Visitor: 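Please find one structure pasted underneath; my questions will follow.
What you are looking at is a predicted structure, and each value in this text was computed from that prediction instead of being measured. Letters A, B, ... are given to chains in the order of the sequence lines, protein chains preceding strands, and every chain is numbered from 1.
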There are 2 protein chains.
Amino acid sequence: MGIEGNDWVLMKTARAPSNIAVIKYWGKRDENLILPINSSISVTLDYLFATTTVAVSPSFTSDRLWLNGKEVSMESKRYKNCLQQIRSRATDVVDEKTGLVVKKESWKDLYVHVASKNNFPTAAGLASSAAGFACLVYALAHLMGAKESYEGEFSTIARLGSGSACRSLYGGFVKWNMGKEDDGSDSIATQIVKKDHWKDLVIIIAVVSSRQKETSSTAGMQTSVKTSPLLQHRAQSVVPKRMVEMEEAIMKRDFATFAKLTCADSNQFHATCLDTSPPIFYMNDTSRRLIGLVEKWNASEGTPQAAYTFDAGPNAVLFAPDDKVARSLLQRILYLFPPASDADISRYVVGDQSIMELAGIKTIDDIEALPTPSEWSGIDIPRTKGELGYLICSRPGQGAIVLEDSAALLDDATGFPGQ
Amino acid sequence: MGIEGNDWVLMKTARAPSNIAVIKYWGKRDENLILPINSSISVTLDYLFATTTVAVSPSFTSDRLWLNGKEVSMESKRYKNCLQQIRSRATDVVDEKTGLVVKKESWKDLYVHVASKNNFPTAAGLASSAAGFACLVYALAHLMGAKESYEGEFSTIARLGSGSACRSLYGGFVKWNMGKEDDGSDSIATQIVKKDHWKDLVIIIAVVSSRQKETSSTAGMQTSVKTSPLLQHRAQSVVPKRMVEMEEAIMKRDFATFAKLTCADSNQFHATCLDTSPPIFYMNDTSRRLIGLVEKWNASEGTPQAAYTFDAGPNAVLFAPDDKVARSLLQRILYLFPPASDADISRYVVGDQSIMELAGIKTIDDIEALPTPSEWSGIDIPRTKGELGYLICSRPGQGAIVLEDSAALLDDATGFPGQ
C-alpha cells in the first residue's frame, strides 16, 4: 500500500492485565483528573486480561470503539482524554513491514478504530475497566510512537480513563502514589516488585452467583467522600501507615502481615461504604460466609493461612502463600460451596491449570470424597450448593505487553472488526 | 408474722422497660465499671419490659436468682456489684402492712431471692439485660429503702450490671453521659424528655427469623476497641457532635434530623464492627433489605419518612413520625415481608394494638389486598415470605416503676417461685 494513498491501515495490538487492590482506593479529590484521596497497592492478576487493537487509516471517518464485539460510543470524556494525551505525545513512526511513514504532525488528523475484549466476564465486576483502559493507552502509545518524558507518565494517562487502570500497566505488585500536584503529574503507578518476586502466591477468585443491584464505584465513592465521617480519617490517618507496612510485607514475602493488612483494609473499605449515607453494601451473605471460612481457619491455626479482599462487589479474591495451602483452600471452598449438581467441574474451576490440579478434583463427585470437616480446623460452616458461579485460579501476573499482529481484533486490510 | 421470727418474707416487685439507642454505645474504657468511650442516647420502649421481684427473709440461706422461671447463678460480678451497691445504701425500712422493721444494719445479713421475667423473647436480642438489670436495681432500692445521694446515682449502679441498663431507669428519651471520673460516678443516665413529649412517634421492631451465630456485644466491643482504627475516631470526633444534634432534634421533634442521625449512627456503629479484626457482622441480607425499604422510600419522597436502627443483631427497629406514616410503613413491611403462609396474623404483629389496627390487616389474606407497589414510591424490592419472625409495635415508654404485690413472681409466704 502506498503512503500517499488512503488504502493503508496501521495497527497495534496489546494485552493488559486486571489487578486487585490489597490497600484500597476509595474516594477522589479531583473527579476530572481522577486523583485519589489516598495511595493504594495492588497485585496484578495473571490470566485475567483485556486485549485491544488500535488502528489508524486515512479512510477512517471518525473515532470508533468496539467492546467485546459490540460498538459503543467513544464520546465519553474518559476515552477522549486518553486519546488526546497519547496523540499529543505521538512521534514519527515507520512501519517496518511496509516502510510506511506517519509523521508526528499527521497523527492529529488520523481517526482511530479500537477493538477490545476481556477474557473474563465483564459483568463479574473484576476490574475490567482497569485492564481495558491500561490496554488502550498502552496500544495507542505503541501505535503512535509516544514516549514517556518521565517514568510512569503513561500511568497518569491510563488513570484518566479509570483510576485503577494506572496500576494495570505493570506486573507483580504495584503502588499508586496519590501525589500532591493539582495537574496529577505525580499521581502515578510504579512497580514495587516483579511478578516472579512472589511467584508462590496463589490467587483464587470466587465469583458469587446472585448479584445484588450495585452502586457503581464512581457514584459510590462520590457519595462516600460527601457523607462518610470515617472516610477522611481512613485516607489521612490509616492508609499512609498501611502503605509502608504493606510494601515492606511484599518485599519480605511476609504472608502473615500481608494477610492481616489485606483483610483489614478490605473490611475498612467496606466499613466506609456502610458509613456512607445512604449506606452502600457491596458484600452479601455469601461474601460473609467466605470471610468466615478464612477467619475461622486462620483463628484455628493461630496464624494466617489465607487472606481475602473484596472490591465494589460480592466476589471474593482469596490468597494463599503456596501450593500446599492453596490446595487446602481450594478444597475447603469446593466442599463448602459445591456447584449446582448439574455443573461441569471444568467450567466451575477455571484459569491456571497448575492450581486447579492441586485440589485433585476431576469431577463433581470428587468433591464429596474430600476430607470431612472433622479433619479440617475451623470449618463449622453449613454447605450450600450453587452460591458461587465459578472460581478463577491465578497468580501474580505480568504487565501490559504488545502482541503479534496475528492477535489483532481488527481486519488489517479494512481496520474494521472481522466478520 | 413476728419481727423476731424467721418466718417472714419482705418483697418488692418492679417493672423496667427495654430501650433502643439512637446514638450508639460501642466500646468501654473500663471493663469492670462499664465506662463507655462515648456518650449515647436512647428511646425507652413501651410494651417491652422486665418484671422483677426481690425478696429478703431470715430463712433464706443464699442469694438466689430465677430468670424466666429457670434458676441461674448470682455469682457473676455484675449481679454482685449491683447487690452490694444497693445494700451499702440501705436504710431502716418499715413494712406498712405488717409493721415489720428491718434496721439499716441488718440488710447486710439478709440474703435476697430474685425472680425476673421478660414479656418478650430473650433470644430476640432486644436489650433484655438492660431491662433486667435496671429492674433489679430499681426493685432492690425500693425493698431496702436506698436513696440516691445525687440524681442519677442508681443509674450508675444499673450500669454496673449492663451498660445500657442505666438508660432503662427513665422513660421517654434518655442520655447516658460517658463521664470523666475514674470511679464512674459521673457516667450517669439522665432523662432528656418524658414519654409524652413525642407521643406521636411510632416504633416497629422487625424480628428477623434466621439468626446468624453472633458475637456477644461484650466480647465484640472489646475486640473493636482493640483492633478498629475507626472506632476511636468515631468516639472522639463524630459522636460528640451527633449528641448535640440528636438532643436538639428530640427537643424539637424534628423527625427529618432525628431520622438522618439515627440511620447514620446505626450504620457507623456497624461500620466499626466491620472495621474490627476479625470483622463482626450483626446485620444479614434481611437486615439490608429492611434498610433498602426505608432508604428507597425516603429517597423517593425527598424527605425522611421512616428511620431504622440495628443493635448487636439483625433485628430492625423502625421509626415513623406519626400514625399516618406508621400505617404506610407497617403495610410496606407486611407486603414485602409477609409471614409464612400458615402464620396467624395476631402472632405476627404484636404489641401496641392501636398501631396494629392502623394497618387495617385482620388476616394474612388482607396483606394480598394491600395497595400494589405501583401505588407506593420507592419499593422495588422482591417479596419474600417468612424472613421475619414477627413485628412488635411500640411507642416511647415510661421508665421503671414499682408494681402491686399482686404482680409478685415469688410466693409471699415462702419467698420462692410459686409452683
Visitor: Pick one: which of B:Leu318, B:Ile205, B:Val207, B:Leu330 meets side chain to side chain contact (heavy atoms under 4.5 Å, CB included) with B:Leu391?
Guide: B:Leu330
Visitor: Taking only heavy atoms into account, what residues of residues 258-268 of chain B are found under 4.5 Å from chain A?
Guide: B:Ala264, B:Asn267, B:Gln268
Visitor: Please find the pair of heavy atoms, one from B:Asp311 and one from B:His270, that lie closest to each other, and give the distance.
Guide: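 Heavy atoms only, the tightest pair is O-CE1, 3.2 Å.
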Visitor: Please give me the minimum heavy-atom distance between A:Asn19 and A:Ser42, naming the atom from each residue.
Guide: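 Heavy atoms only, the tightest pair is OD1-CB, 3.3 Å.
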Visitor: Which atom pair, heavy atoms only, marks the closest approach of B:Trp198 to B:Ala249?
Guide: CZ3-O, 4.2 Å
Visitor: Would A:Arg383 and A:Phe337 count as a cation-pi pair here, with the cationic atom under 6.0 angstrom from the ring centre and within 45° of the axis?
Guide: no
Visitor: Can you see which heavy atom on B:Ala306 is nearest to which on B:Trp297, and at what distance?
Guide: CB-CZ3, 4.0 Å
Visitor: Is there a donor-acceptor contact under 3.5 Å linking the side chains of A:Ser40 and A:Lys175?
Guide: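 Short answer, no.
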Visitor: Under 4.5 Å from any heavy atom of chain A, what part of B:Ile291 do you find: side chain, backbone, both or neither?
Guide: side chain
Visitor: Would you please classify the geometry between the A:Phe269 ring and the A:Trp26 ring as parallel, tilted or perpendicular, with 30° and 60° separating the classes?
Guide: tilted
Visitor: Is there a donor-acceptor contact under 3.5 Å linking the side chains of B:Lys226 and B:Thr276?
Guide: no
Visitor: Who wins among B:Ser277, B:Pro229, B:Pro278, B:Ala271 for the most heavy-atom pairs under 4.5 Å with chain A?
Guide: B:Ala271
Visitor: Verify the distance criterion only: is there a donor paired with an acceptor across the side chains of B:Gln331 and B:Ser328 at less than 3.5 Å?
Guide: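 No.
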Visitor: Which residues in residues 232-245 of chain A have a heavy atom less than 4.5 Å from any heavy atom of chain B?
Guide: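 Counting heavy atoms that sit under 4.5 Å from chain B, the residues of residues 232-245 of chain A involved are A:His233, A:Arg234, A:Val238, A:Arg242.
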